[in-house]
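The model shown is predicted, which means the values in this text are computed figures rather than measured ones. Numbering of residues begins at 1 and proceeds along the displayed sequence. The basis for the numbers below is simple: all heavy atoms, side chains too, and nothing from hydrogens, waters or symmetry mates.
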Amino acid sequence: MVSVLTSSALLKALLFLSLCSVWLLPDLALAKHAGITRHYKFNIKMQNVTRLCQTKSIVTVNGQFPGPRIIAREGDRVLIKVVNYVQYNVTIHWHGIRQLRSGWADGPAYVTQCPIQTGQSYVYNFTITGQRGTLFWHAHISWLRATLYGPIVILPKRHASYPFPQPFKEVPIVFGEWWKADTETIINQAMAAGGAPNISDAFTINGLPGPSYNCSAKETFKLKVKPGKTYLLRLVNAALNDELFFHVANHTLTVVEADAVYVKLFKTDIVLITPGQTTNVLLKAKSKTPNAKFDMSARPYATGPATFDNTTTIAILEYKKSASASSSNNMNIPLLKAKLPQFNDSTYAMKFNQKIRSLATRKFPVKVPKKVDRRFFFTVGLGILPCSKNQTCQGPNNIRPAAGINNVSFVQPNTALLQAYFFNRSKGVYTTNFPTNPPFKFNYTGTPPKNIMLDSGTKLVSLNYNTSVELVMQDTSILGAESHPLHLHGFNFFVLAQGIGNFDPKKDPAKFNLVDPAERNTVGVPSGGWVAIRFLADNPGIWFMHCHLEVHTSWGLKMAWVVNDGKGPKQKLMPPPADLPKC
């Protein structure tokens, strides 16, 4: 594909390059006037960062934490050169980007690429097609995404307006999770010992924990607003292992978009957002400056039996004062607290998710497949596996906790699946016999079966191009029912329905919404319940699907779909780039 730059943008680019060797366009104003090819440089480097009174060296992009914001416009081509200067292997995933025929740029390690090794580089090259809104990028290998993440802002096409009131200002609000210890050490030790990894020490908003944590009052994100103005908050949950409730004290939010798809507007006091999800909300400031500051709080929604980080991260909403207002008065302004649901309020979670509906207008139609070519029923949940022969496990009888889909715990290969597929070298790397249904039926949300041992393997599902897929994902009560946010790479899917208990194939399809279902890339499988989705397999390649709770991904709650080439020239996966990393 040929890069196209307007003459004005070319001059700007040359001027910028003459000033700085790193070519980044982080400014919103620049993004509105630049050409249609955008270049970024991501230098992966270590950086000392202090949080919770402790300094540690973390993996960053360009020394920034959180990482830099990527800004593009619908239809733009984006090239990001990633150079690895750290001791770890690295890949970056552009979460939610469709990657039409450009699976080589998707980023999950050993799925679409071998990782970028120390001293090596790789250019991620993709075009943003038919998408606009908020997504995010993050590392997609081991637990490096604990600190390697940042927002992606996709503006509408030129002269296209938002289908909601134009905001005065747009602000990314990125939730993260912080450990005092080194996260790579934590997960490596847990996997070696066959136990659960240590929980985090704090949550963060835009990298800052806020005043509820020790010595963190100065490490607090502050949003300053003008009375009467409307602000677009671009919410991203980049936390590793926790779904989050979010609330701004004494303010109502209007949800306008989820996972970079416009939705029917609805008002809410509290937003639920799982790891991997993004949500855009409008916040309308009060018409007159109140004599108060306001908590912007986030804390976990947790349904499983395991311990979790039951803490709250706080940012502060402040109203800008007139020049005549004294700063001494500002010190005495009360801070109003945000009220959040109970940590296990699954009823609120279900009701919130059911409010998210697509616009379903002529301009933004819903293309949910009406006919279904292939149906799948996947159980998702926990189980156990025997420890390896050279491993001493914490668990009884030399077993360890694991996770799987349809009783299969995914084994990560030591070469990239997409390369094996493209070059017809799949033998010994993967098989395409992933089970369409669970190997045996049981009361999925009732008393677990006596045998909870999982199978393991690198098993995939093979789909013909343009196959319409219906997939029901069912949580299980094995080792405890739990909400699982499932993320599908390479596609958006339509959320037809969800329910509590076991899915009933005779009665529940009558509840399917085929008119205005939510269109997403990540959906929470309800704790002790099920969710039904549909998608059209119109993107050739190999596409990862996994739980976005990183601990469950580490334990094997993942699989992949092979979408074969179609007959037309634009229905085929493009060949790999020359700089594709080698294993």
| message | For the backbone of Val551 and the side chain of Asn241, can you confirm whether one donor and one acceptor N or O come within less than 3.5 Å of each other? | response | yes
| query | Angle class for the Trp94/Phe42 ring planes (parallel below 30°, perpendicular above 60°, tilted otherwise)? | reply | tilted
| request: Determine the interplanar angle of the His95 and His138 rings, folded into 0 to 90°, and report it as parallel if under 30°, tilted if 30 to 60°, perpendicular if over 60°. | output: tilted
| query | Quick one: CG on Leu144 to CD1 on Ile187, what's the gap to the nearest 0.5 Å? | reply | 11.5 Å
| task | Could you tell me which residues satisfy side chain to side chain donor-acceptor pair (under 3.5 Å) with Asp373, sequence neighbours excluded, listed by chain and number? | result | Lys371, Ser468
| said: Keeping Arg534 on the side-chain end and Pro369 on the backbone end, is there a donor-acceptor pair under 3.5 Å? | reply: yes
| request: Could you tell me which residues satisfy ring pair (Phe, Tyr, Trp, His ring centres under 6.0 Å) with Tyr110, sequence neighbours excluded, listed by chain and number? | output: none
| message | Just so I know, are the side chains of Pro435 and Asn407 near enough to count as touching, which here means a heavy-atom distance under 4.5 Å? | response | no
| field | Check: His546 ring centre within less than 6.0 Å of His489 ring centre | value | yes
| message | More than 12 heavy atoms of other residues, nucleotides or ligands under 6.0 Å from NZ of Lys572: yes or no? | response | yes
| query | Ignoring hydrogens and geometry, is there a side-chain-to-backbone donor-acceptor pair from Asn237 to Gly276 under 3.5 Å? | reply | no
| request: Write down the atom of Val429, the atom of Pro413, and the distance for their closest heavy-atom approach. | output: CG1-CB, 4.2 Å
| Out of curiosity, Ser426 OG to Gln419 CD, how far, rounded to the nearest 0.5 Å? | 13.5 Å
| request: Output the distance between atom CZ (Arg145) and atom CD1 (Ile92), rounded to the nearest 0.5 Å. | output: 12.0 Å
| task | For the residue pair Leu382 and His552, establish whether any side-chain heavy-atom pair is separated by less than 4.5 Å. | result | yes
| Do Leu417 and Thr458 pass the side-chain contact (heavy atoms from CB on, under 4.5 Å) test, and can you show the C-alpha distance, the side-chain angles, and the key distance before you say yes or no? | CA-CA 10 Å; Leu417 297 174; Thr458 312; 4.0 Å; yes
| request: Start with the C-alpha gap between Phe544 and Leu418, add the side-chain angles, then the distance that decides, and say whether side-chain contact (heavy atoms from CB on, under 4.5 Å) holds. | output: CA-CA 10 Å; Phe544 207 24; Leu418 191 59; over 6 Å; no
| request: Please check if atom NZ in Lys355 has more than 12 non-hydrogen atoms from other residues, nucleotides or ligands closer than 6.0 Å. | output: yes
| remark: Rounded to the nearest 0.5 Å, the NE2 atom of His487 sits from the CH2 atom of Trp543 at a distance of 10.5 Å
| said: Please give me the minimum heavy-atom distance between Leu385 and Leu454, naming the atom from each residue. | reply: CD2-O, 3.2 Å
| task | Calculate, to the nearest 0.5 Å, the distance between atoms CD and CG belonging to Gln277 and Leu244 respectively. | result | 10.5 Å
| request: Would you check if Leu496 and Asn513 make a side-chain contact, meaning some heavy-atom pair closer than 4.5 Å? | output: no
| field | Any donor-acceptor N or O pair under 3.5 Å, side chains Asn564, Ser462 | value | yes
| query | Which atom pair, heavy atoms only, marks the closest approach of Pro300 to Asp242? | reply | CB-OD1, 3.8 Å
| query | Of Phe378, Phe377, Trp530, which is the lone residue that meets ring pair (Phe, Tyr, Trp, His ring centres under 6.0 Å) with Tyr444? | reply | Phe377
| query | Does some side-chain heavy atom of Ile533 sit less than 4.5 Å from a side-chain heavy atom of Met473? | reply | yes
| request: Give the minimum heavy-atom separation between Thr112 and Gly103, together with the two atoms involved. | output: CB-O, 3.3 Å
| With Trp555, which of Pro197, Cys547, Ser409 fulfils side-chain contact (heavy atoms from CB on, under 4.5 Å)? | Pro197
| Are any non-hydrogen side-chain atoms of Thr476 and Pro448 less than 4.5 angstrom apart? | no
| query | From Asp579 CG over to Gln120 CD, what is the distance, rounded to the nearest 0.5 angstrom? | reply | 10.5 Å
| request: Please answer whether the main-chain N or O of Gly529 pairs with a side-chain N or O of Gln498 as donor and acceptor at a distance below 3.5 Å. | output: no
| task | Before giving the answer on side-chain contact (heavy atoms from CB on, under 4.5 Å), spell out for Ile356 and Arg520 the whole-Å C-alpha distance, their side-chain angles and the decisive distance to 0.1 Å. | result | CA-CA 10 Å; Ile356 298 174; Arg520 310 208 64 147; 3.3 Å; yes
| said: Strictly distance-based, threshold 3.5 Å: is any side-chain N or O of Asp259 a donor or acceptor partner for the main-chain N or O of Gly96? | reply: no
| field | Polar side chain donor-acceptor pair, Thr553 to Glu550, under 3.5 angstrom | value | no
| So with a 6.0 Å cut-off around NZ of Lys567, is the heavy-atom count from everything else above 12? | no
| Yes or no on ring-ring contact (aromatic ring centres under 6.0 Å, His included) for Phe440 and Phe442, after CA distance, side-chain angles and deciding distance? | CA-CA 7 Å; Phe440 58 94; Phe442 62 97; 5.6 Å; yes
| request: Go through the structure and list residues passing ring pair (Phe, Tyr, Trp, His ring centres under 6.0 Å) with Phe246, not counting sequence neighbours. | output: Phe175
| request: Quick one: sort the Tyr262 and Phe164 rings into parallel, tilted or perpendicular, breaks at 30° and 60°. | output: perpendicular
| Quick one: does Ser358's side chain have a donor or acceptor within less than 3.5 Å of a partner on Pro517's backbone? | yes
| task | Taking only Lys NZ, Arg NE, NH1 and NH2, and the carboxylate oxygens of Asp or Glu, determine whether Arg98 and Asp538 approach each other closer than 4.0 Å. | result | yes
| message | Tell me whether Glu177 contacts the main-chain N or O of Leu240 through its side chain, where contact means a donor paired with an acceptor under 3.5 Å. | response | yes
| said: Evaluate Leu486 against Met545 for side-chain contact (heavy atoms from CB on, under 4.5 Å), listing each step before the verdict. | reply: CA-CA 7 Å; Leu486 263 289; Met545 191 176 84; 4.1 Å; yes
| field | Near-ring test Trp561/Phe491, centroid separation under 6.0 angstrom | value | no
| query | Is the side chain of Thr37 donor-acceptor paired with the backbone N or O of Arg77 at a distance under 3.5 Å, no angle test? | reply | no
| task | List in chain and number order the residues that pass salt bridge (charged side-chain N to carboxylate O under 4.0 Å, His left out) with Asp516, two or more places apart in sequence or in another chain; answer none if no residue qualifies. | result | Lys264, Arg357
| message | Taking the side chain as everything from C-beta on, heavy atoms only, tell me whether Lys367 gets closer than 4.5 Å to Leu536. | response | no
| query | Judged by modelled atom types alone, do Ser554 and Trp143 share a side-chain donor-acceptor pair under 3.5 Å? | reply | yes
| request: Go through the structure and list residues passing side chain to side chain donor-acceptor pair (under 3.5 Å) with Arg375, not counting sequence neighbours. | output: Glu470
| task | Decide yes or no for Pro68 and Val61: does some side-chain heavy atom of the first lie under 4.5 Å from some side-chain heavy atom of the second? | result | yes
| Taking side chain as C-beta onward, heavy atoms only, is Asp565 less than 4.5 Å from Leu573? | yes
| Polar side-chain atom of Gln99 near backbone of Ala105 as donor-acceptor pair, under 3.5 Å | yes
| request: Measure across Asn89 and Thr118 and return the closest heavy-atom pair with its distance rounded to 0.1 Å. | output: OD1-N, 4.4 Å
| task | Just jot down the ring pair (Phe, Tyr, Trp, His ring centres under 6.0 Å) partners of Tyr421, sequence neighbours excluded, or say none. | result | none
| request: Report yes or no: do Ser483 and Glu243 form a side-chain donor-acceptor pair below 3.5 Å? | output: yes
| task | Of all the heavy-atom pairs spanning Asn539 and Tyr465, show the shortest one and how long it is. | result | N-CE1, 4.2 Å
